[in-house]
There are 2 protein chains.
Amino acid sequence: MKAAPRPCSIADTLALVGEKYALLVLREVSLGVRRFDRIARNTGAPRDILTARLKRLVEAGILEKVPYSARPPRFEYRATAAGEELQPVLVTLMAWGDRHLNADDRPVVLEHDCGEVLSPRLVCAHCGGEAGRDSLRHHVRAPGWTTAGPVEPGAS
Amino acid sequence: MKAAPRPCSIADTLALVGEKYALLVLREVSLGVRRFDRIARNTGAPRDILTARLKRLVEAGILEKVPYSARPPRFEYRATAAGEELQPVLVTLMAWGDRHLNADDRPVVLEHDCGEVLSPRLVCAHCGGEAGRDSLRHHVRAPGWTTAGPVEPGAS
DNA sequence: GGTGAGGGTTTGAAAATCCAACGCACAGGG
DNA sequence: CCCTGTGCGTTGGATTTTCAAACCCTCACC
């Protein structure tokens, strides 16, 4: 055997949406841009790559194809419920980039219902307290693994 | 000209951490795994790729090299403040994978200070209200762009 | 009948990935 | 001293992906 990587939902999620352009496609769909040509232009993805990404995202249940014309057969792409649940990922990535890369002029600003510009904060749904590094503890449940690595750090 | 993609902090952030393995490296570092060999094994990244990713993340100010042995010269990799601010991204990705891919047996569980298993929630730091799709409005500030796309949808 | 839009597929060159092997610097043991 | 092992990479070559541009097909419209 040749040492499987750590079992992890982050890795599993990235296997679906971690390829180049996948999250940008989702961004466009979230913005209401649902057609092939527009998504291609707005993301910069080559058309053949976009074809592959859309196919994968549809198979993963993140997007769905909805017909908007029968003849010729034409579809648009919409986020499913699962797809919409990825929005916090987009928002969080955007907030990081706004802070660290585009501090002086943000390309897009999100306005929250309350009227303020959104700065997103991750909290515990249960107690409402901040969910930051210092308030979290990892419990590795995958058999054979610990926080540091595999139990048997070499052999099989 | 050949049509630049939409200016966007999500894209800018992904240009740094969107390559394969980059976020998994950050995951390991966040878990306290800081040395080359272990990161390689736990993520599954080929060693040459890992070299490239670490270099890029260090240059981006997300990780830093800290010497832990002078002779032979050896370094470990730690998250900078900017790097730690990416943790919400990891947590959010993990939550999605836990819900949609590993619902019946999560490889890793996060426990919040309050004693409960964390389910993360994104809120507005200002008012504390949920920051979901329906409570957000996009304002595109980049010149020449609207929510739907470029102002002049073809020409330059 | 010609033109144009929408949504892809094809083609071939360029870049990134993967994996195994190698290199180097040192530590520890015999 | 010699041999082995560990840590951290680098190198070489085969394999995949990406990319950009061109092509194709179906219709709508004039």
B/D48 vs B/F36, nearer the 5' end of DNA chain D by closest nucleotide: B/F36
Inter-residue atom distance B/I62.CD1 - A/W96.CH2, 0.5 Å rounding: 4.0 Å
B/E19 side chain reached by B/R56 side chain, heavy atoms, under 4.5 Å: yes
Phosphate OP1/OP2 of D/dG7 contacted by B/Y77 side-chain N/O (<4.0 Å): no
Sugar-phosphate only, base, or nothing, as touched by A/R71 at under 4.0 Å among non-hydrogen atoms: sugar-phosphate
Between D/dC19 (C1') and A/L50 (CG): distance, integer Å: 13 Å
Atom-pair distance (CG on B/N42; P on D/dG7), nearest Å: 13 Å
Side chain of B/R35 - closest among D/dC8, D/dG9, D/dT26: D/dC8
Whole-Å distance separating the CD1 atom of A/I49 from the C1' atom of D/dA21: 14 Å
Least distance between heavy atoms, A/V25 atom then A/L57 atom: CG1-CD1, 4.0 Å
Atom pair distance, as rounded to whole Å: CZ in A/R47 and P in D/dA21: 12 Å
Spacing of B/E76 atom CD relative to D/dG7 atom P, expressed in whole Å: 13 Å
Identify every side-chain donor-acceptor pair in residues 142-149 of chain A under 3.5 Å, counting partners at least two apart or on other chains, and give the distances.
| from | atom 1 | to | atom 2 | distance (Å) |
| --- | --- | --- | --- | --- |
| A/T146 | OG1 | A/A148 | N | 3.2 |
| A/T146 | OG1 | A/G149 | N | 3.2 |
| A/T146 | OG1 | A/G149 | O | 2.9 |

Bounds of contact between DNA chain C and chain A, in 5' to 3' order, using a heavy-atom cut-off under 4.0 Å: C/dG6 to C/dT11
Quiz item: cation-pi between B/R35 and B/Y68, 6.0 Å / 45°: yes
Whether A/T80 side chain and A/G61 backbone form a donor-acceptor pair below 3.5 Å: yes
Nucleotide D/dT17, atom P - distance to OH of B/Y21 in whole Å: 11 Å
More than 12 heavy atoms from other groups under 6.0 Å of NE2 on B/H126: no
B/R53 CZ - D/dG9 P separation (whole Å): 15 Å
Nucleotide D/dT6, atom C1' - distance to CZ of B/R74 in whole Å: 8 Å
